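To start, the structure itself, in structure tokens.
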Amino acid sequence: MSLNAEVLDRVSFLRREIEIHNRAYYELDAPTISDSAFDALFRELQGLEAAYPELAAPDSPTQRVGGRPLAQFVPVTHAVPMLSIQTETDTTAAGAEHFDSRVRRELELTDTSVEVEYVAELKFDGLAVSLRFEHGIFTQGATRGDGVTGEDVTQNLKTIRDIPLRLAGDAPPLLEVRGEVYMCRDELVRYNEKARARGEKPLVNPRNGAAGSIRQLDPAIAASRPLRFFAYGIGAVAGWNLPATQNELLDALANFGLPVCAHRIVARGWRELADFHDSMGEERARIPFDIDGVVYKVNSLALQDRLGFRSREPRWAVAHKYPAEEARTVVVAIEVQVGRTGALTPVAKLQPVFVGGVTVSNATLHNEEEVRRKDVRVGDTVVVRRAGDVIPEVVLVVPDMRPMNEAGLPCHPSFELPGACPQCGSHVVHEEGGAIARCSGGLVCPAQARGALLHFASRRAMDIEGLGDKLIDQLIAGGHVRTPADLYALTVPTLAFLDRMGEKSAENLIKAIEKSRATTLARFIFALGIRNVGESTAKDLARHFGSLAALQNADAAVLENIPGVGPVVAESIVDFFAEMHNSEEVKRLIGAGVHWEERENAAPTGPLVGKLFVLTGTLPGLKREDAKERIEAAGGKVSSSVSKKTSYVVAGEEAGSKLERARELGVAIIDEAGLLQLLQGESS
Ligand code: IVH
């Protein structure tokens with residue numbers, strides 16, 4: 001086929017469609033089509049671009065997935081240096097006042113002159129980057145580096161959906177946009193949940209996550225991480241009439257289709273700046289990403305020019321920090337906590353210390369390996385950190401403050417996990433190369449029973465309002481409740497007798513328990529507390545199977561075919577339902593009236609359920625589309641590339657590289673006749 005108007009139309013239609021679906025999926029979190037329909041559009045576009053290389057375009061959505069891994073990054077000299085910013089460490093309102101009086105002094109304003117106008121923005125805690133747009137097309141992206149020379153990370157930045165590949169509207173010949181790559185906390189949690197399930201190392205925190213992802217040579221890594229971007233300034237510009245103020249500049253950037261944070265204000269004088277600092281400090285925990293302060297900038301660009309720079313810092317801007325999230329304190333003891341799944345976690349009991357706005361007296365030490373690596377011992381002076389909503393953690397030990405005896409040896413031995421569970425005495429088993437230690441007691445262990453109940457009742461699971469840890473402790477201690485199903489047998493008189501409960505609260509709790517009976521399949525799966533199955537995996541499973549029976553009957557091979565489910569998660573699910581007491585518990589819960597709407601027939605049925613096919617070459621009797629349709633109708637799936645997960649490669653005339661790949665991997669190869677046999681339910 002030669003390049004014609006029809007192809008051109010189709011290509012531009014596909015590019016537009018894909019960008020719309022991308023936005024719906026990544027920014028609005030509201031997918032508008034199924035993953036497979038999206039893949040089909042994407043592959044069609046890739047196919048057309050490959051067939052007509054003259055249509056290649058740097059702003060095509062196919063360019064987001066990036067190219068091959070690089071051997072090393074290429075240095076980029078910034079046309080306009082990327083400055084740093086002066087930090088105001090006085091975290092009270094006086095910090096804003098210092099900055100304002102410095103600006104007023106530099107501008108030679110008298111005490112009676114009008115207030116200076118500023119913009120107050122958030123200080124995003126990620127990685128600074130510069131994006132170069134030439135005639136509206138994103139051509140190069142670089143890290144800050146030392147401010148003068150950074151590294152070319154274009155491929156990685158192109159994988160970030162927030163960054164437009166082409167600016168909207170009337171873009172100037174040259175515009176460099178400065179901003180921050182960051183991650184949202186909840187997206188990091190979801191990413192980590194999946195990373196753990198795949199047996200990969202989780203990301204430590206959003207900032208490291210953002211910075212680490214951008215500095216990867218293989219763009220596939222950046223593409224797999226939930227990276228975001230905010231624009232907050234500009235670098236080199238040509239052929240554009242700059243707006244008069246920073247605030248209008250940000251509006252203009254937003255009009256070009258760049259993401260600009262909504263949390264910003266125009267403020268007059270330092271009091272309004274200090275108010276912003278205060279209110280964002282209160283808002284901080286609810287803002288979905290980490291900030292480490294706010295930034296004040298003189299609004300007028302003309303005044304910014306007049307103020308100029310001192311060394312590498314502009315006089316017209318300052319970062320006003322929040323109270324330190326790290327502090328020093330002393331380890332009083334190291335205790336071992338038992339979690340919902342029996343995992344043993346060493347916890348440092350600390351001399352109470354005020355960090356990041358709250359008093360902290362416990363900090364997690366994660367696991368035995370971490371304690372050893374950091375060599376945390378009783379009596380040590382440690383640095384603890386508390387960031388956002390995250391559980392406080394011990395960052396490091398201050399080595400020369402360790403208490404020593406007369407012989408010059410540490411007073412306390414290095415930490416060792418006990419061999420028996422501190423809660424129930426069951427023996428401790430080590431998993432995953434020894435990193436995770438677990439109590440083998442199951443629901444016999446009160447800590448695990450308690451954890452399972454708390455998890456079951458939690459907001460994102462069965463959402464039983466008012467059933468908190470104190471109550472659960474009493475219910476367990478009184479022998480009223482051992483497993484989640486027992487909750488549904490509770491009565492008002494039983495509850496009314498508990499500490500700090502009256503008739504009224506007992507009635508309310510019973511109502512809440514009743515209400516929880518009507519739930520969704522996703523919530524129920526999550527509530528079961530299957531190891532490695534977090535909220536988002538539970539949703540994926542519910543969507544895929546539609547019914548609990550289908551999930552219970554799925555074997556590991558079927559489970560592993562679900563995107564996002566790796567061998568670890570699959571095994572956890574199979575193990576869970578294979579355990580007699582778990583299946584019994586599920587039955588009891590359903591018997592107690594827990595119910596949800598099941599999607600009938602959502603679970604694929606037919607002779608090919610769980611089988612993954614790849615079609616290659618020309619089949620003698622079946623068109624490729626027909627073969628695909630018939631496989632899917634029989635419950636099978638069709639993919640375009642051969643992997644270890646492929647069950648069969650169906651090869652016809654002139655089958656090429658896919659056939660070779662199948663041979664390499666030892667995947668079964670069949671012809672059309674073999675496929676027809678399988679479709680009829682006969683094994684080949
Ligand atoms: S403006 C002229 N605005 O803070 C000052 N920087 O040292 C140039 N940052 O790593 C920076 N949020 O990436 C500016 N709203 C914001 C910011 C911000 C975070 C980071 C920036 C750099 C550091 C400045």
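Order of appearance sets the numbers: ligands from 1, and atoms from 1 within every ligand. Computed from a predicted structure; not experimentally measured.
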Does CZ belonging to Arg166 count more than 12 external heavy atoms closer than 6.0 Å?
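12 or below, so no.
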I'd like to know whether NZ of Lys539 has more than 12 heavy-atom contacts from other residues, nucleotides or ligands below 6.0 angstrom.
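No, because the 6.0 Å sphere around NZ of Lys539 holds 12 heavy atoms or fewer from other groups.
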Tell me whether the rings of Phe256 and Trp240 are parallel (<30°), tilted (30 to 60°) or perpendicular (>60°).
tilted
Side-chain donor-acceptor contact under 3.5 Å, His263 with Glu121
no
Centres of the Phe229 and Tyr182 rings: under 6.0 Å?
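That pair fails the under 6.0 Å test.
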Centre-to-centre under 6.0 Å for Tyr296 and His320, is that the case here?
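Here the rings of His320 and Tyr296 have centres that are less than 6.0 Å from each other.
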Heavy atoms under 4.0 Å from ligand 1: which residues qualify?
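Contacts of ligand 1 under 4.0 Å: Ser84, Ile85, Glu121, Leu122, Lys123, Phe124, Ala128, Glu180, Tyr232, Val295, Lys297, Pro314, Trp316.
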